[in-house]
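Because the structure is predicted, anything quoted here is derived from the model rather than measured.
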Amino acid sequence: MTTRIGIAGIAGRMGRLLAEEIVAAGAVLSGGTLRPGASLATLPPGLPVMTDIVALCAASDVVIDFTHAHAARAHALAAAETGTVLILGSSGLSATDEEAVAEAAHRTPVVYAANFAPGVNLFLAIAERMAAALPPEQYDAEIVEMHHRQKVDAPSGTAVALGRAVAAGRGTTLEQAGQESGRDGHCGPRGTGTIGFAALRGGQVVGEHTLIFAAASEHISLTHRSFDRRVYATGAVRAALWAVGRPPGLYGMRDVLGM
């Protein structure tokens with residue numbers, strides 16, 4: 001049976017790439033939702049446009065959502081009510097939003113990831129292992145990210161995921177380790193064991209992330225650069241096809257990649 005995949009925000013930049021990748025993967029593009037004022041001109045002829053997320057979920061086996069953090073709770077609830085698989089790639093979710101997504105995952109499969117690029121997920125795994133080997137008392141961890149000028153949240157979801165990976169490698173959480181960002185003026189010395197973030201914005205950079213471990217006598221850095229948003233769309237469609245038929249649960253791209 002061919003998998004029916006719908007797209008929340010299908011007229012957006014990611015939505016159009018997702019539509020192409022769904023067709024290329026041999027799945028059925030079941031339809032999509034539009035933000036108010038969005039143009040239909042870029043959509044495939046005859047594509048069903050749904051009035052709301054519940055209608056899209058009802059018409060789909062899987063819905064892919066790369067819209068906005070403020071829509072995550074409503075979209076997760078709709079997926080749970082209809083038993084539709086949800087692939088969630090929106091960034092900037094609050095703790096309350098993430099709790100709602102986790103609650104929905106008790107009723108339907110949800111793949112939630114800060115980044116759907118395979119290389120980034122390998123990066124996260126390596127970051128965790130490096131952090132486990134490099135003591136926080138000796139190695140300061142700093143994360144630098146750059147994105148296009150239109151990005152509205154900072155630090156990026158991928159940067160936060162890197163921070164969480166470092167914290168996990170050190171046997172703690174990002175909240176417990178402490179997060180340093182937005183340093184300005186007389187901010188005092190760097191805290192031992194904290195995890196630093198710097199966010200750069202400009203031009204049309206798709207995404208660059210660098211993790212630095214800095215000690216007194218050596219520095220180690222690891223960088224990932226994305227040159228085309230299509231890598232996120234390809235990964236999301238891969239996750240969609242993987243998740244169909246899975247039991248309810250909250251999954252990540254490491255599950256999809258078998259890592």
Side-chain angles (χ1 to χ4, degrees), residues 5-19 30-40 42-43 49-60 62-117 120 145 147-164 174-175 179 181-182 197 199 201 204-207 229 232-233 235-236 239-240 243 250-253:
I5 304 177
I7 303 169
I10 195 168
R13 186 162 43 186
M14 275 300 300
R16 296 194 297 272
L17 289 173
L18 285 165
S30 56
T33 59
L34 297 176
R35 70 178 187 279
S39 172
L40 300 174
T42 60
L43 300 181
V49 175
M50 309 299 179
T51 56
D52 57 43
I53 190 64
V54 175
L56 179 62
C57 286
S60 309
V62 188
V63 166
I64 302 177
D65 178 14
F66 276 82
T67 55
H68 298 283
H70 63 71
R73 274 184 281 179
H75 290 186
L77 179 60
E81 289 179 344
T82 56
T84 306
V85 175
L86 178 64
I87 309 300
L88 180 60
S90 300
S91 62
L93 271 65
S94 67
T96 303
D97 295 330
E98 291 189 338
E99 287 174 6
V101 171
E103 181 62 29
H106 291 302
R107 301 164 61 187
T108 193
V110 177
V111 180
Y112 172 42
N115 196 302
F116 282 84
V120 166
E145 54 100 346
H147 284 83
H148 50 86
R149 67 195 315 273
Q150 293 89 359
K151 188 168 180 60
V152 298
D153 59 307
S156 71
T158 301
V160 173
L162 274 170
R164 288 176 174 170
L174 181 56
E175 292 73 21
Q179 180 175 329
S181 59
F197 291 84
R201 297 288 178 268
Q204 294 302 314
V205 177
V206 173
R229 289 176 179 82
Y232 309 137
L250 185 59
Y251 301 97
M253 272 303 284

Euclidean distance, [Y] [atom2] relative to [X] [atom1], rounded to 0.5 Å:
{"X": "M14", "Y": "R229", "atom1": "CE", "atom2": "CZ", "result": "8.5 Å"}
{"X": "F116", "Y": "L88", "atom1": "CZ", "atom2": "CG", "result": "7.0 Å"}
{"X": "I64", "Y": "L18", "atom1": "CD1", "atom2": "CG", "result": "5.0 Å"}
{"X": "N115", "Y": "S91", "atom1": "CG", "atom2": "OG", "result": "10.0 Å"}
{"X": "T84", "Y": "I53", "atom1": "OG1", "atom2": "CD1", "result": "8.5 Å"}
{"X": "D97", "Y": "H68", "atom1": "CG", "atom2": "NE2", "result": "13.5 Å"}

(message) Quick one: does any side-chain atom of S30 pair with a main-chain N or O of G6 as donor and acceptor, under 3.5 Å?
(response)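 Yes, the answer is positive, given that a donor and an acceptor are paired below the 3.5 Å cut-off.
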
(request) Check for a donor-acceptor pair, side chain of E145 on one end and backbone N or O of A159 on the other, with a separation under 3.5 Å. (result) no

Minimum heavy-atom separation for [X] and [Y], please, with both atom names.
{"X": "C57", "Y": "T82", "value": "CB-OG1, 3.2 Å"}
{"X": "G157", "Y": "A114", "value": "O-CB, 3.3 Å"}
{"X": "K151", "Y": "S156", "value": "CE-CB, 3.6 Å"}
{"X": "I87", "Y": "V85", "value": "CD1-CG1, 4.1 Å"}

(request) Could you tell me which residues satisfy side-chain hydrogen bond (donor to acceptor under 3.5 Å, both in side chains) with Q150, sequence neighbours excluded, listed by chain and number? (result)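 With neighbours one apart ignored, the set is H148, Q204.
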
Can you name the side chain to side chain contact (heavy atoms under 4.5 Å, CB included) partners of [X], sequence neighbours left out?
{"X": "A104", "value": "A76, A80"}
{"X": "Q179", "value": "P155, L174, S181, F197"}
{"X": "E81", "value": "L77, R107"}
{"X": "T67", "value": "A8, D65, A71, H75, S90"}

(message) Going by ring pair (Phe, Tyr, Trp, His ring centres under 6.0 Å), name the residues that satisfy it together with Y232, two or more places apart in sequence or in a different chain.
(response)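 Partners of Y232 under the ring pair (Phe, Tyr, Trp, His ring centres under 6.0 Å) test: none.
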
(message) Determine whether E98 and R73 satisfy the following criterion, salt bridge (Lys or Arg N to Asp or Glu O under 4.0 Å), listing intermediate values before the conclusion.
(response) CA-CA 8 Å; E98 291 189 338; R73 274 184 281 179; over 6 Å; no

(request) Quick one: do L34 and I10 satisfy side chain to side chain contact (heavy atoms under 4.5 Å, CB included)? Show the steps, please. (result) CA-CA 6 Å; L34 297 176; I10 195 168; 3.7 Å; yes

